[in-house]
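Fair warning: this is a prediction, and the values are worked out from it, not measured in the lab.
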Amino acid sequence: MDGIVTDVAVGVKRGSDELLSGSVLNGPSSNMTSIVVTANGNDNKKFKGDDKMESAPSRVLHIRKLPGEVTETEVIALGLPFGKVTNILMLKGKNQAFLELATEEAAGTMVNYYTTLTPHLRNQPIYIQYSNHKELKTDSALNQRAQAVLQAVSAVQSSNSTVANTAGSENTVSSAQSPVLRIIIDNMYYPVTLDVLHQIFSKFGTVLKIITFTKNNQFQALLQYADPTNAQQAKLALDGQNIYNACCTLRIDFSKLVNLNVKYNNDKSRDYTRPDLPSGDGQPTLDPAIAAAFAKETSLLAVPGALSPLGIPNAAAAAAAAAAGRVGMHGVTTAGNTVLLVSNLNEEMVSPQSLFTLFGVYGDVQRVKILYNKKDSALIQMADGNQSQLAMSHLNGQKMYGKIIRVTLSKHQTVQLPREGLDDQGLTKDFGNSPLHRFKKPGSKNFQNIFPPSATLHLSNIPQTITEDDLRTLFTNTGGTVKAFKFFQ
């Protein structure tokens, strides 16, 4: 049974580190938490927390299989998107916890959500079910640390501090009041798009604006909420969490800005309150129907559970779902779409080989077709949907041969080769058996070396006889200027 209990006394001792004050009920030598319970006429029943039996709906939830070092804050953060958390009891020795929400409805939403999407803490799956408790009564003297964390969270939840929403991006306030978060993503092995960020952070309130950029070779973003309280809740819940399993870790701080000045709506920045903004960079402006959808979206309350990539083991599926907004514009489904449409190419310079080389940094290119009647556009077939997402995320809006290219998912499922005997002027090429594919091996280390285009190149497989001068000459002859060069030790 998950517990028959409402009155609980807890003591935890692990070596010399006494996490909760109070006596250790089953002796000082044990590191197991012992719980004396009284409820429903069952006095002094020992807690048995591993029974997975279904319980009736309750606002108290039983959480199992917690990592050993998990904190109260991390457990509370699981419940925050669904409503106010009113109590918590950590059972450290059993790797379990009880979490009490303000209403049974909020608890139900949380259980339903995590039934379809297994939550993870510290890269470990955990399990959530209704408790037999109808409420959680804890001895605050013995549960001081947990109560202190709860009080801090409650202060954030009940805070209604407001900040004037001024027009200029240079307006600043003390960071703790700001509705703007600065987000850095560490270990970015998979692409994180503006749409992914919007879906994750919308769980905590209405997101007004997002700007993404790369600084010091790290993907970063500024994200503005309608209310500073939402920013505080999101920071508390998401800081240190992984978007995908074991990678794409969120590092979140408050910005000193109180308002973001967004000039363009595109894949790098978006103002959800201004669907009429141009896209800039030669990108076409948003379709009016999509603009209207954006406007409608900002007027809706954020409902937890629509989609959150947080903790999804299958990053490919998450990445595909994250692009659903864009793909929907063309009436295409995202599931595993491997073909990209690349437009605004420099038709005098581009070739199937050059597209293979560039897109091959982000996946194994299978086929390339430059369109016969529209030579500034090409279809590129990648090995799988995740690779097409990676390529689209990193290359859309980049310059190739002096022109800013546009990369979207194609409605085509494969790139057709020309019929035998038909001369298509070398515009279509099959690279299926190329020895230059980087990602053939599952779990290849090359997946960890995927970065946005930059001015610094990493060379490998250099023959022993080649000197620095040989390489400088090689790259200078392509029309570039070599500013610096360094061999690895």
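Side chains of N242 and T249: a donor on one and an acceptor on the other come within 3.5 Å. Using a 3.5 Å distance cut-off with no hydrogens or angles, the side chains of D195 and T193 do not pair a donor with an acceptor. Using modelled atom types and a 3.5 Å distance limit, the side chains of Q381 and T338 yield no donor-acceptor pair. With hydrogens and angles left out, the side-chain atoms of N396 and K268 include no donor and acceptor closer than 3.5 Å.
By the ring-ring contact (aromatic ring centres under 6.0 Å, His included) test, Y362 is found to be paired with H394, residues two or more places apart in sequence or in another chain being considered. Every residue two or more places apart in sequence or in another chain that forms a ring-ring contact (aromatic ring centres under 6.0 Å, His included) with F485 is listed here: F487.
Residues Q366 and V415 fail the side-chain proximity criterion, which asks for heavy atoms closer than 4.5 Å. Two residues are said to be in side-chain contact when any heavy atoms from C-beta on lie closer than 4.5 Å; D267 and R406 meet this criterion. The side-chain heavy atoms of L236 and Q232, taken from C-beta on, include no pair separated by under 4.5 Å. You'll find the side chain of V207 reaches within 4.5 Å of the side chain of L223, heavy atoms only. Considering only heavy atoms from C-beta on, V342 stays 4.5 Å or farther from V350 through its side chain. In this structure the side chain of L257 never reaches within 4.5 angstrom of the side chain of Q224, judged on heavy atoms. Between V111 and L61 the shortest side-chain heavy-atom distance falls below 4.5 Å. Side-chain contact check for L379 versus V368: every heavy-atom pair is 4.5 Å or farther apart.
Across F201 and Y225, no two heavy atoms sit closer than the pair O-OH, 2.6 Å. Of all the heavy atoms in P452 and T214, the pair that sits closest is CG-OG1, 4.1 Å. Contact between S388 and M382 at its shortest, heavy atoms only, is CA-CG, 3.8 Å. In terms of heavy atoms, M90 sits closest to E72 at CG-CG, 3.5 Å. In this structure, K235 and I252 approach most closely via the heavy-atom pair CE-O, 3.3 Å. Nearest heavy atoms, V70 versus K92: O-NZ, 3.1 Å.
No side-chain donor-acceptor contact under 3.5 Å links T478 to the backbone of L474. A distance-only check finds a donor-acceptor pair linking the side chain of Q387 to the backbone of D364 [under 3.5 Å]. Looking only at distances, a side-chain donor or acceptor of H437 sits under 3.5 Å from a matching main-chain atom of V365. Between the side chain of S202 and the backbone N or O of Q199, no donor-acceptor pair lies under 3.5 Å. Looking only at distances, no side-chain donor or acceptor of S393 sits under 3.5 Å from a matching main-chain atom of L390. Listed for the N87 side chain is a donor-acceptor partner under 3.5 Å among the backbone atoms of L136. Of the possible donor and acceptor atoms, none in the side chain of H458 sits under 3.5 Å from a partner among the backbone N and O of T456. The main-chain N or O of Y264 is found under 3.5 Å from a side-chain atom of S269 such that the two form a donor-acceptor pair. The backbone N or O of Y401 lies less than 3.5 Å from a partner atom in the side chain of N346, making a donor-acceptor pair. A donor-acceptor pair under 3.5 Å links the side-chain atoms of S178 to the main chain of S255, judged by distance alone.
Ring geometry, H198 versus Y272: the interplanar angle falls under 30°, so the pair is classed parallel (tilted spans 30 to 60°). Between F356 and F431, the ring planes are parallel. Angles under 30° get that label, and only those over 60° would be called perpendicular.
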- Test side-chain contact (heavy atoms from CB on, under 4.5 Å) applied to M110 and L99, step by step: CA-CA 11 Å; M110 182 172 168; L99 194 68; 4.0 Å; yes
- Task: Before giving the answer on side-chain contact (heavy atoms from CB on, under 4.5 Å), spell out for L459 and F475 the whole-Å C-alpha distance, their side-chain angles and the decisive distance to 0.1 Å.
- Result: CA-CA 11 Å; L459 309 182; F475 281 86; 3.7 Å; yes
- Going through the checks in order, is the side-chain contact (heavy atoms from CB on, under 4.5 Å) test met by L345 and M400? CA-CA 7 Å; L345 292 163; M400 183 180 186; 4.1 Å; yes
- Task: Tell me, with the steps shown, if V180 and N259 meet side-chain contact (heavy atoms from CB on, under 4.5 Å).
- Result: CA-CA 7 Å; V180 179; N259 189 61; over 6 Å; no
- Query: When you look at F98 and H62, which way does the ring pair (Phe, Tyr, Trp, His ring centres under 6.0 Å) test go after all the steps?
  - Reply: CA-CA 5 Å; F98 288 110; H62 178 207; 5.3 Å; yes
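The local environment of CD in Q353 is crowded, with over 12 non-hydrogen atoms from other residues, nucleotides or ligands closer than 6.0 Å. Heavy-atom neighbours of K440 NZ from other residues, nucleotides or ligands within 6.0 Å: above the threshold of 12.
Interatomic distance, I128 CD1 to I63 CD1, rounded to the nearest 0.5 Å: 5.0 Å. Taken from NZ in K84 to CD in E100, the straight-line distance is 11.0 Å, to the nearest 0.5 Å. In this structure, CG on L341 lies 4.5 Å from OG1 on T408, to the nearest 0.5 angstrom. Here the CZ atom belonging to F219 is positioned 8.5 Å from the CD1 atom belonging to I183, to the nearest 0.5 angstrom. Of the inter-residue distances, the one linking L181 atom CG with I210 atom CD1 reads 10.5 Å to the nearest 0.5 angstrom. Distance check: L197 CG to I243 CD1 gives 6.0 Å after rounding to the nearest 0.5 Å.
In summary, of the residues considered (I184, I185, D186), a side chain to side chain contact (heavy atoms under 4.5 Å, CB included) with M188 occurs for I185 alone.
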